[in-house]
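Atom set for the values below is all heavy atoms of this structure, side chains included, hydrogens, waters and symmetry mates excluded. So that the names make sense, note that chain A is the first sequence line, chain B the second, and so on, each numbered from 1.
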2 protein chains.
Amino acid sequence: MSPSPRADRHPGSAPVGAGPAVDAWESLLRSQVAVWRLLQADDVWDSVGVHEYDVLHTLHRTADDRARIRDLHREVLLSQPSLSRLVERMAEAGLVAREPDPGDRRGTVVVLTDAGDRARRRVGARHAESIRRVVGTSLDERELRALRILCDKLRAGATDPGRVSPG
Amino acid sequence: MSPSPRADRHPGSAPVGAGPAVDAWESLLRSQVAVWRLLQADDVWDSVGVHEYDVLHTLHRTADDRARIRDLHREVLLSQPSLSRLVERMAEAGLVAREPDPGDRRGTVVVLTDAGDRARRRVGARHAESIRRVVGTSLDERELRALRILCDKLRAGATDPGRVSPG
DNA sequence: CGGAGGTTCATGCGTTTGCATGGACTTCTC
DNA sequence: GAGAAGTCCATGCAAACGCATGAACCTCCG
């Protein structure tokens with residue numbers, strides 16, 4: 001039954017620093033985990049889950065408070081079926097409304113309701129406060145700006161359709 | 001039935017830039033989502049889930065390939081019960097071994113097995129390749145270093161126990 | 001026009017997650 | 001030392017997730 005534990009100390013494994021790209025990504029990931037933990041615990045999410053808020057926030061950022069499920073899917077880290085059901089639940093709760101896309105009858109347009117926007121604003125205010133306390137106290141303003149620029153660039157590169165498989 | 005959609009365009013809501021801290025965090029989060037999507041899709045995770053690999057990698061980073069569940073919990077973004085069961089499944093799969101902590105009989109020590117380390121190395125090599133392609137092509141070496149330093153600092157601030165609730 | 005192929009969303013189903021809780025143990029306090 | 005308080009891990013259970021798939025629709029091309 002019991003599997004044998006490793007015998008020797010890593011013999012031919014990679015050193016700690018596995019290149020600048022890997023190091024940077026790992027650091028980004030770990031910091032994201034650490035901050036996220038605090039934000040989730042600290043904030044009062046008021047019966048609005050994190051994913052729900054993400055949807056509300058994403059809708060708000062659009063020009064007219066509405067978006068196709070497909071577009072939401074690009075922003076929210078959730079599988080398409082999960083997002084579909086999340087929207088369904090949010091519609092039942094009155095946070096959003098679902099209507100067919102007149103221009104593409106496959107599509108479902110998700111619209112922010114008044115209740116949804118109230119919830120977004122209420123949670124958003126406290127959430128922003130939380131972020132300022134956690135993130136804003138670790139880095140000064142110049143560093144924050146630099147971090148934002150780097151992440152924007154990283155995101156642009158990762159969203160770029162000119163991404164090819166290594167062939 | 002149908003909830004009324006929002007009537008007016010956001011009247012008194014916050015402008016796009018909600019402060020440097022919020023902007024930076026949002027950018028970090030979005031870039032993380034974008035990159036993560038590619039890494040998950042692109043890589044061959046070889047029946048080893050992302051969380052599983054995270055545990056294997058975290059164990060490998062320790063001095064002796066072993067760690068308490070409590071310590072793993074600090075690194076992996078997963079609730080304690082979920083992590084507990086994840087470790088249970090990984091033990092059944094032979095990737096890790098569980099043994100009681102001689103120094104603290106409440107504790108469970110998770111040990112990396114040979115099979116687990118093989119899996120880690122196999123997946124890790126391809127995963128690192130993937131990271132270099134996605135992250136390493138978006139930023140140059142100087143930017144990568146800067147990003148790492150900023151994220152390290154951010155993480156240190158978020159891990160710092162001197163974090164107090166606003167009251 | 002018509003069919004092949006791609007896109008978009010929803011549903012069935014098994015797995016995984018988180019919350020609440022309990023049991024076992026340690027540490028703190030007097 | 002004994003009891004109170006805290007820590008650490010596991011389990012019951014409902015909710016949520018992802019994968020595979022299907023139905024409806026759009027688009028491209030002969």
Note, B:Arg89 side chain near B:His51 side chain (heavy atom, < 4.5 Å): no
A:Arg89 or B:Gly107, whichever maps to the more 5' nucleotide of DNA chain D: B:Gly107
Rounded (10°) bend between the five-pair end axes of the helix from C:dC1-D:dG30 to C:dC30-D:dG1: 40°
4.5 Å side-chain heavy-atom contact, A:Val22 and B:Val135: no
Would you tabulate the side-chain donor-acceptor contacts of residues 30-39 of chain A under 3.5 Å, counting partners in other chains and residues two or more places apart, or write 'none'?
from: A:Arg30; atom 1: NH1; to: B:Glu75; atom 2: O; distance (Å): 3.3
from: A:Arg30; atom 1: NH2; to: B:Asp54; atom 2: OD1; distance (Å): 3.2
from: A:Ser31; atom 1: OG; to: A:Ser27; atom 2: O; distance (Å): 3.1
from: A:Ser31; atom 1: OG; to: A:Leu28; atom 2: O; distance (Å): 2.9
from: A:Trp36; atom 1: NE1; to: A:Gln40; atom 2: OE1; distance (Å): 3.4
from: A:Arg37; atom 1: NH1; to: B:His73; atom 2: O; distance (Å): 3.2
from: A:Arg37; atom 1: NH2; to: B:His73; atom 2: O; distance (Å): 3.2
from: A:Arg37; atom 1: NH2; to: B:Val76; atom 2: O; distance (Å): 2.8
from: A:Arg37; atom 1: NH2; to: B:Leu78; atom 2: O; distance (Å): 3.3

Nearest-angstrom distance from the residue atom CD of A:Glu88 to P of C:dC9: 14 Å
Minimum side-chain heavy-atom gap B:Leu56-B:Met90 below 4.5 Å: yes
Contact list for DNA chain C against residues 74-82 of chain B - heavy-atom distance below 4.0 Å: B:Leu78, B:Ser79, B:Pro81, B:Ser82
List every contact pair, protein side and nucleotides 3-6 of chain C side both N or O, where the distance is under 3.5 Å.
from: C:dG6; atom 1: N2; to: A:Arg106; atom 2: NH1; distance (Å): 3.2

Close side-chain approach of A:Leu112 and A:Thr62, heavy atoms under 4.5 Å: no
Expected output: side-chain A:Thr113 to main-chain A:Gly94 donor-acceptor under 3.5 Å: yes
Value in whole Å for how far the P atom of C:dC19 lies from CD of A:Gln40: 8 Å
Rounded distance (Å) that lies between atom P of C:dT7 and atom CD1 of A:Ile69: 18 Å
Electrostatic pair B:Glu129-B:Arg126, nearest N-O below 4.0 angstrom: no
Spacing between B:Asp101 atom CG and C:dT26 atom C1', to the nearest angstrom: 12 Å
Phosphate OP1/OP2 of C:dT11: any A:Ser84 side-chain N/O under 4.0 Å: no
Approximate separation, where rounding is to 0.5 Å, of B:Ile69 CD1 and B:Gln80 CD: 7.5 Å
Whole-Å gap separating C1' (C:dT27) and CZ (B:Arg70): 13 Å
Pairs satisfying ring pair (Phe, Tyr, Trp, His ring centres under 6.0 Å), at least one member in residues 90-123 of chain B, at least two apart: none
A:His57 and A:His127, any side-chain heavy atoms less than 4.5 Å apart: no
side-chain N/O B:Arg85 vs C:dT15 OP1/OP2, d < 4.0 Å: no
B:Asp104 side chain near B:Arg68 side chain, heavy-atom distance below 4.5 Å: yes
Exam field: side chain B:Asp140 to backbone B:Arg142, donor-acceptor pair closer than 3.5 Å: yes
Evaluation steps, salt bridge (Lys or Arg N to Asp or Glu O under 4.0 Å), between A:Asp114 and A:Arg118: CA-CA 6 Å; A:Asp114 282 330; A:Arg118 276 196 300 274; 5.4 Å; no
d(CZ, A:Arg105; P, C:dA10) in whole Å: 16 Å
Hydrophobic cluster identity match, B:Ile149 and A:Leu154, side-chain contacts under 4.5 Å: no
Span of DNA chain D in contact with chain A (heavy atoms, under 4.0 Å): D:dA16 to D:dC26
Whole-Å gap separating P (C:dC9) and NE2 (A:His73): 10 Å
Residue closer to the 5' end of DNA chain C, B:Gly103 versus B:Leu83 (nearest nucleotide): B:Leu83
